[in-house]
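Below, chain A is the first sequence line, B the second, and so on; all start at residue 1.
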Amino acid sequence: MNNWEIAHMFDEIADLLDILGENPYKARAYRRAAHKLGNAYLDVEELAEEGRLQEIPGIGSALEKKIEEYLKTGELKYLTQLRKKVPTSLRQLLLIPGIGVKTIQIIYQHLGITNLQDLEVAARKKLLRELPGIGVKTEQAIMRGLEVHVLRRRRMLLHHAFAIAGEIESHIKDKLPGLARLQIAGSLRRGKETVGDLDFIAAADNPSPVVDAFTTAPFVNDVVAAGEVKATIMTKWGVQADLLVVKPEFIANALQHFTGSKEHNIALRGIAREQGFKISEHGIHCDGQVTAPATEEELYRQLGMSYIPPELREGRGEIEAAQSGVLPNPLEVDDIKGDLHVHSEWSDGVNTLEELAQSARERGYRYLAVTDHSRSLYVASGLTEERVLKQCKEIRHLNKGFTDFHLLAGIEVEILPDGSLDFEDELLAEMDIVIASVHSGFNQDRETITRRVISALQNEHVDIIGHPTGRLLGRRDPYDIDVDVLLEVAAETGTALEINASPDRLDLNDEYVHQGKELGVRFAVNTDAHDVYYLDDMRYGVLQARRGWAERNDIINTLTFEQLSDWLQRN
DNA sequence: GCCGTTTTCGGCCCGACTGTTTTCAGTCG
């Protein structure tokens, strides 16, 4: 976990450099390095020991020295110095949409504002509009930005939550090799798109060593509460974690209880009461007798229903479905036969076509669609028509070398603000697969942007709509598209909608997937990977698909290559 | 601060949009 600590510090350095008005490229270098380190697929400590830190792109000699300094001393002098020059709390203001470093400099210099609370007070007092370069509209935009920010804060993205939970889990298991069971519960176990805090359930006859291991771990910043069987800590990652220790015979009940959701549990308790039971984390009570099912499967069976996977426990009708035995058989990671949305070095990805094919084959995939950006997306080095055709040719050539695997020549074509596509139909007809996506003009009104995406859906060459609502979790709201209409038209045209597996997106979200499935919409679970490491994000997409009750038959990339080819021809 | 090179400096994704201006700065993606 040194990766993240260093990544956090580099991010802080970058922000402070920006606020101080230093060379923006220097700040960008720190930010890039932080991003690279944050991806958890590297271990800085290991690389440092081997003297290979500079092999990480974005780490040069200066940053290598800083990483080594931190690993050795636990401190970064450079950051300490920066913190003396400018209040680090100013960084908070960067989180407000509409505020950048220049605005921060102005309000800091003129009003001495250093945090969100002071900013809000100043905005309410209408002091901001008096500052140079800021008018009434900007002041109002800042007010709105503050409201949005409050709603968003303090929830983790799934990959962060899994990584931190894994860290905590392995620490306790290392400390207590005899521990019968330790399991993640809560919203993380349900695969919710963002996670507030982490819940752990442990099974042990003697709870105190488990609680001790938890509360005295090196990552604990603060012990919020600690009793005989329960504890709450604040970690140094700024994430709260709860632990409950139960007797081994009650593990299934405890796990069920603390997995939630609240709505699911309330409904479940209602059912139990109707049947003369009372359920809690301490077993099933009936006529003064307490029974403890050994597994969750048995628990649900005792309540007269089939097992409900955690991802479905949201109080959205799963209990009724489980009682009448019509619960879906949710999609599994192993059902996925290929990824239909990845980028190569031809646009803004980092890998060659060969590397992509190799990585896909290592994951047991039967096919992989290379879908680089189209020409209008300059920022991502979108491909010109000539480049697209050249790439197609190269892909066709590579395919000759495979017997049990296929690269599909695809494109992620821009849906332009007027609803037209970035390439002519003649070119799109050449492609094996076409994803159409929105990457610009997010602020169009509901009618305009809905019409815009619908016209892409209706293009006969478009197979999939990429990240259909355009949201970035915690950073950007979805554009104002009418998803109900989108789902209806997708069902009509047979165009698939993407379930983008990137933990930043998870777009479409679970509820829309559920809604679409009812209408007969097909989906594609894709990673949108720009680097082969991110092909592993597939599991987050599968979680969301499961949460949307999607089964294998709802997902086009569970098809065999031959079936997929048929589907692409027909649609 | 990184990195590649017409190789030890000079560029670093570039254009749209908005608001505050009066010709441009700031923010965003």
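One finds a side-chain N or O of Lys66(A) lying less than 4.0 angstrom from the OP1 or OP2 phosphate oxygen of dG1(B). Between Arg28(A) and dC13(B) there is a side-chain polar atom (N or O) within less than 4.0 angstrom of OP1 or OP2. In this structure, Thr138(A) reaches the dT20(B) phosphate: one of its side-chain N or O atoms is under 4.0 Å from OP1 or OP2. Between Tyr25(A) and dG1(B) there is no side-chain N or O to OP1 or OP2 distance below 4.0 Å. Checking the phosphate oxygens (OP1, OP2) of dA16(B), no side-chain nitrogen or oxygen of Ser440(A) falls inside 4.0 Å.
Side-chain atoms of Ser61(A) lie closest to dC2(B) of the nucleotides dC2(B), dG15(B), dG29(B). The side chain of Phe442(A) lies closest to dG29(B), out of dG19(B), dG29(B), dG26(B). Of the candidates dG26(B), dC2(B), dC13(B), dG26(B) carries the atom nearest the Lys102(A) side chain, counting heavy atoms from C-beta on.
Two residues are said to be in side-chain contact when any heavy atoms from C-beta on lie closer than 4.5 Å; Leu20(A) and Lys85(A) meet this criterion.
Projected onto DNA chain B by closest heavy-atom contact, Lys137(A) and Gly98(A) fall at different nucleotides, the more 5' of which corresponds to Lys137(A). Each of Val136(A) and Thr103(A) was assigned the nucleotide of DNA chain B with the nearest heavy atom; the assignment lying further toward the 5' end belongs to Val136(A).
Distance Ile142(A) CD1 to dG26(B) P: 14 Å, rounded to the nearest Å. Distance CD (Glu414(A)) to P (dG15(B)): 15 Å, rounded to an integer number of Å. For the pair Leu131(A) CG and dT20(B) P, the interatomic distance rounds to 12 Å; values are reported in whole Å. The NZ atom of Lys65(A) sits 14 Å away from the C1' atom of dC2(B) (whole-angstrom rounding). One can place CZ of Phe10(A) at 10 Å from P of dG1(B), the figure rounded to the nearest angstrom. Here dG26(B) presents its C1' atom at 17 Å from CD1 of Ile96(A), a figure rounded to the nearest Å. For the pair Gln444(A) CD and dT18(B) P, the computed distance is 11 Å after rounding to whole Å. At whole-Å resolution of the value, CD1 in Ile106(A) and C1' in dG19(B) are 12 Å apart.
Contacts of Asn23(A) with the nucleic acid, taken as non-hydrogen atoms under 4.0 Å apart, include base atoms.
Nucleotides dT20(B) and dA25(B) have their C1' atoms positioned 9 Å apart, rounded to a whole Å. Atom name C1', nucleotides dT8(B) and dC3(B): the rounded distance is 11 Å, in whole Å. dT27(B) sits 14 Å from dT21(B) when the P atoms are compared, rounded to a whole Å. Taking atom C1' in both dT6(B) and dG1(B), the straight-line distance is 24 Å, to the nearest Å. Nucleotides dG10(B) and dT5(B), compared at atom C1', are 10 Å apart to the nearest Å.
A perpendicular orientation is assigned to the rings of His439(A) and His373(A), their planes being inclined by more than 60° (bins at 30° and 60°). Taking the six-membered ring where tryptophan is involved, the planes of His159(A) and Tyr540(A) are perpendicular, since the angle between them exceeds 60° and thus also 30°.
Across every strand in view, dT8(B) sits unpaired, with no contact that passes the Watson-Crick or G-U test at under 3.5 angstrom.
Under a cutoff of 6.0 Å and an axis angle of 45°, Lys66(A) and Phe10(A) do not form a cation-pi pair.
Under the 3.5 Å distance criterion, with hydrogens and angles disregarded, no donor-acceptor pair is assigned to the side chains of Gln358(A) and Asn351(A). Residues Ser502(A) and Asp528(A) bring no donor and acceptor atom of their side chains to less than 3.5 Å of each other.
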